[in-house]
Structures are given as C-alpha cells and as structure tokens.
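As structure tokens, the structure follows; a few thoughts come after it.
Keep in mind it's a predicted model, so treat the numbers as computed, not measured. In what follows, chains are A, B, ... by sequence order, proteins preceding strands, each numbered from 1. Hydrogens, waters and symmetry mates play no part in the numbers below; they use all other heavy atoms, side chains included.
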Amino acid sequence: MPGRRERRRADVCVLICSERQALAEGLVRLLNDASVATSHTTPDGLAEALRAEPATVLLLDAEPADETPPRVRTARRARPALQVLLLTAEPTSWCDTLVDEVGAIGSLTCHAGAVEFIEAVGRVAEGKPPAPASASRFPPRFSAPASLFDQLTRRELEVLRTLMLGGRSATLARRLGISPNTLQTHVQNIFLKLGVGNRFEAAAVARQAGLRPITDEELAEGAG
Amino acid sequence: MTGPRPATVLIAHEHALFRAAIRAAFEAVPDMTVVAEAGRGDDAVVRVRCHRPDVVLVSDTFPGPPGGVCAKLRTSVPATKVVVVGDAPAQEALQAAIEDGAAGYVTNTMALADLTAAVRQVYRGHSFVPPSMLGALLRGLIERTHRIDRAVGLFARLTPREKEVLALLADGCDHASVADILVISPETARTHIQRIIGKLGVHSRLEAAAMAAEHGFSDYVPARGRR
C-alpha cells in the first residue's frame, strides 16, 4: 500500500512559497511525512527556487492578496506548466475571484486540517481541484432564507459584506474605520442572528443568499 | 537524571493548518510534546487550565482585546508560560504581549528552528524576544514609564480642589455638572478647568480628561462633594 502511494506521488514535487517561514517549514514536514516531496521558499527566492527545484505544484500563500498576481506571473515565467494552489486566510468569494484572476487551480484555507491539506495537495498534483469546493462544503443546512438578513442592521450588513472580503480582523476593522473590538461585537451579533458559528459559515450563507463582498467605493461612502 | 522530561506545549491558534504544521514540527524534536490544541481564545483558557502545559503558544490575532487571552492565561494558570505568536513582526503586538505577561514573542516569519528554540528557551525559564525587535521594545517601555512619570509630576501640581475637578472630568462631567456636584458656580468650575488645562499643558477639557483616565487618576481621588 505505501509503495503504491509513493509510486503514485513519485513525480509530484511541491514548492511552498510564503513569508511565513515557520508555517511553510511545518507544512513541508507534514507533506514529507505523507511521502510528498516538498520544499519551501520565501517570495523573494521564488524564481530562483523554481529554477533549482523540479516543482510541479506551487502552494502560494495569498497574503498579502495584492502581491499574489505578480508572484504567480513570476512563477509561470519560470515554469509555465506549474499548477498553482493558493493558501488563503478565510474562505470567501474573494478567494474565488483571486483564483480566477491568476489562473490557479483552486484555493485552500488556513482553517483546513492536516488530512484535508494533504488530500488537497494530492488532488492538485493529479490535476484536479483541491476540494469538492464550497458547493459541498456548505450543504443546504446553511442556506438561509432571505428574511434572515432583514434582522441585520445596516451596519451589520456592511460588516458581513466586509467579512466576505477575507483577511485579518485588524485589516477589516481598519477598512471599516472601527476598532477590532467593535468589529468583533458586530461579528458576534451577526453570528447570533444568522445562527452560524464562524466567519466561514457567515460568508458562505451570505454568498448563497447572493450578497456581494463590499467594494471600496461603498466603504468610502459609508465612512463619509 | 537521564535528561529532563519533554516540555509539554499547547498550541492555541485560529488556523488549523498552522496548528497542524507546528505540531508536526514539535513532535519531530525529542524534547517537546504537544498536549492539545485550541482554535478559539476562550477554548484556549479552558484547555490550558485542564492540561496545565509548560508552555502555551498563543496567536496574537485571537478575537477580543489585544493580549486579552494572554492576560487571562497569566492570571488563571500562572505556572504555564505564554509565548505569543504573530504572523509578522509587530512592535505594538510585542509590547502588548510583554505587558500582559508573556514570556516570549515569536513570529511566523521566523525559521521553524528559531521558533522551536524560542519555545525551548521559555520552557527553561528564560524570555524570548526577536533580537531585532528588542531595542524598539525597550524604548517603547521606557517611553511609557516616562509618560507616566511626567503625568504623575503634572498631577502633583494641582491643588486638592483641582484634583477633585479633574476626577469629575475623567468621569465624563462637563463644567455644569462639575459646578452642580461641587456646589460652586459654573464660572468657578470653568476657572478650575482652565487652570487644570494650563497646569497639565493640554489643549482641551477632553484631553485633560483623557490624560486622567489613562493613568487611572479618578481612582486616587475619592472626593465627590465638598471637601
């Protein structure tokens, strides 16, 4: 059995690219333990690493998001056939946009467990999307009737649509012009009203209900 | 002794993938054991209480007040040493962590071996701060001490009556309610307030109130009424 697994993955070589070196090194260890040849690099060393390593899959940390497209372009220049898998903080519709924009095969969130992570990388190595994606991850039990959103205040709705952008609390709070504590209060109230347990589910419910992530223009209007 | 027992570590971080990665790394070294993980701040406190690990690695981005989890851990399980982990070096987060009683501060941008060494160092009773951040940390802490000293010096220049007025301002009173409470005329209250503003070297009543509130001034002046 292990022999078969190794054969299947023998030609797979994963390169992890992240500023977060400790995380990257830990992930290398996880994959190596699962018999997947893996190495890591910082974004600065990406082009160099791709010339040196026979990587077939690039796991790219998508934080900060605006750096991601140029990094993917760099990687593709060095190795056009590379499969790119994005590692994101939160699963939001914004991730899908980024995946489309850079032509990645899919995205994986930092909320994934070790098994889910290894399986996702395995699937990508075979040229398949990393997961039976959001469609099956958020089954109908999360489908919220439209009236659910009527319970939200105007500000809570803004906060919810900001959550859909993804990113860290501090960043989101700054965008909204409120303190992280205030953000957290809004988020807790949203969770209660929508009957969800985390930002994951909140974003998924919002997406299913057809809400769009908030735009910078709308944020600017709200602030003014 | 054939060697010290492995350090027990609890990983408290909102990202399961980070927990898995760090767990894999710690399990690979002989002198560390990961006893549990926690994905939320409140969960972390409960689990640390029940597992009593030597060291807990705590994310600095847990929801709630910055360092809130750290402070709570320090008071509820003092024997467990806290190492705060941030995604990227942040001087503010470092200072908050140290003020809340963390024994170490590491970042995700460090090499894994350095992060492991930092946890090991904290387990042995030392502190760990990235050397490149130490200078700014000390400057920040010294500045804070100076700020407090300066404020205490300025407060000392106030007369007892002015201290009463300032305490009321810090509680959110305006000059009319100060006058009411101290049974003085609004003009007298205004004069007191102007003197306070002058002595503290601030520009407004609000600024004086903020300065008093920041240093817990109202706690020291119990008077609320005449004399």
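- Residues that satisfy the side chain to side chain donor-acceptor pair (under 3.5 Å) test with A/Thr74, not counting sequence neighbours, are absent from this structure.
- One N or O on the side chain of B/Asp54 and one on the backbone of B/Thr8 form a donor-acceptor pair closer than 3.5 Å.
- Interface with chain B: from residues 56-68 of chain A, no residue qualifies, criterion being any non-hydrogen pair under 4.5 Å.
- Counting heavy-atom pairs under 4.5 Å between each of B/Ala20, B/Gly39, B/Ala111 and chain A puts B/Ala111 at the top.
- Side-chain contact annotation: B/Thr109 with A/Gln21, donor-acceptor N/O pair under 3.5 Å absent.
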For residues 141-154 of chain B, dump all side-chain donor-acceptor pairs below 3.5 Å to protein atoms at least two apart in sequence or in another chain.
{"from": "B/Arg144", "atom 1": "NE", "to": "B/Glu99", "atom 2": "OE2", "distance (Å)": "3.2"}
{"from": "B/Thr145", "atom 1": "OG1", "to": "B/Leu141", "atom 2": "O", "distance (Å)": "2.8"}

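- Contact count versus chain A (heavy atoms, under 4.5 Å) is highest, among B/Thr107, B/Asn108, B/Thr116, for B/Asn108.
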With side-chain hydrogen bond (donor to acceptor under 3.5 Å, both in side chains) as the test, would you mind laying out the steps for A/Thr97 and A/Asp100 before giving the verdict? CA-CA 5 Å; A/Thr97 315; A/Asp100 289 343; over 6 Å; no
Under 3.5 Å, sequence neighbours excluded: what are the donor-acceptor pairs made by side chains of residues 37-52 of chain A?
{"from": "A/Thr38", "atom 1": "OG1", "to": "A/Val36", "atom 2": "O", "distance (Å)": "2.9"}
{"from": "A/Ser39", "atom 1": "OG", "to": "A/Glu53", "atom 2": "OE1", "distance (Å)": "3.4"}
{"from": "A/Thr41", "atom 1": "OG1", "to": "A/Gly45", "atom 2": "O", "distance (Å)": "3.4"}
{"from": "A/Glu48", "atom 1": "OE1", "to": "A/Arg51", "atom 2": "NH2", "distance (Å)": "3.4"}

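- For a residue to count as touching a neighbouring chain, one of its non-hydrogen atoms must lie under 4.5 Å from one of that chain's; by this rule A/Leu87 touches chain B with the side chain only.
- Counted by atom type alone, A/Thr185 and A/Thr182 present zero donor-acceptor pairs between their side chains at under 3.5 Å.
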